[in-house]
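Report on one structure; see the data block that follows.
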Amino acid sequence: QVQLQQSGTELVKPASSVKISCKASGYTFTSNYMHWIRQQPGNGLEWIGWIYPGNGNTKYNQKFDGKATLTADKSSSTAYMQLSSLTSEDSAVYFCARGYYDGTYYYEGYFDFWGPGTMVTVSS
Amino acid sequence: DIRMTQSPASLSASLGETVNIECLASEDIYSDLAWYQQKPGKSPQLLIYNANSLQNGVPSRFSGSGSGTQYSLKINSLQSEDVATYFCQQYNNYPYTFGAGTKLELK
């Protein structure tokens, strides 16, 4: 069965960087888009961007340009998101989520499996 | 960016009741709309895509409708396990955007 396993809670200092991971299993990692979504405390959801692990192509929400960098390691079926120049505003839960697959076609706009989320707290 | 306005922000309903949640897009999104359910401490789960297509495994009491800029999620015969926050999401234009959510509680 499809599973997305995310790395654990991070407590990081302002101005630093953090890299969180999302290990995929139960499907062909290189065939589906992988998205990253942010949920700040008490707030809604923000789409950060996607990576297509098959060729490494990426698409970002302009708001996160320079903040988030998406990469993928095909050998370990793991997607990564690095967040840089962290401020308290970046404190949030970060989810990875797979682009939809209906058994025949792949879609990138909506998300059929989500990881459990990684909480990032930025504090001195 | 396309703004997604959800209403109501919160909702209290009784078991067995029918519930409607609305989502208004700031421009035409051509039915490129999904609905998600998020329970406390959990990740969101896909309920509906393409405005009215039910995701595999989702109970048939959930349904979606709408077109253009106006969309809705309907829950028939509310069950206790439906207590959650519901989000709409448009994927017609980048950046993909979500509504602020509707928190559904039992009366």
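Proteins get letters first, then strands, A, B, ... in listed order; numbering begins at 1 in each. From a predicted model like this one, the values you see are computed outputs, not experimental measurements.
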Open item on the list: At a 4.5 Å cut-off on heavy atoms, which part of A:Tyr100 comes close to chain B: side chain, backbone, both, or neither?
Closed with: side chain
Task: Nearest heavy-atom neighbours spanning A:Asp102 and A:Tyr107 - done: OD2-OH, 3.4 Å
Task: Main-chain N/O of A:Gly109 paired to B:Tyr49 side chain as donor or acceptor, under 3.5 Å - done: no
Open item on the list: Under a plain distance cut-off of 3.5 Å, with no hydrogens placed, do B:Ser53 and B:Asn50 share a side-chain donor-acceptor pair?
Closed with: no
- [ ] Could you tell me which portion of A:Lys63 (side chain, backbone, both or neither) has an atom closer than 4.5 angstrom to a non-hydrogen atom of chain B?
- [x] neither
- [ ] For residues B:Pro95 and B:Gln90, report the shortest heavy-atom separation together with the two atoms involved.
- [x] O-NE2, 3.1 Å
Task: Options B:Thr85, B:Asp1, B:Leu46, ranked by heavy-atom pairs under 4.5 Å with chain A, top entry - done: B:Leu46
TODO: Name the region of A:Phe95, side chain, backbone, both or neither, that has any atom closer than 4.5 Å to a heavy atom of chain B.
DONE: side chain
Open item on the list: I'd like to know if the side chain of A:Gln6 pairs up with that of A:Tyr94 as donor and acceptor (distance under 3.5 Å, no hydrogens or angles considered).
Closed with: no
Task: Part of A:Gln62 lying under 4.5 Å from any heavy atom of chain B - done: neither
TODO: Pick one of side chain, backbone, both or neither for B:Tyr96, based on which atoms fall under 4.5 Å of a heavy atom in chain A.
DONE: both
Task: Side chain / backbone / both / neither for B:Asp32 at chain A, heavy atoms under 4.5 Å - done: neither
Open item on the list: Are A:Phe64 and A:Trp47 an aromatic pair, judged by ring center distance below 6.0 Å?
Closed with: no
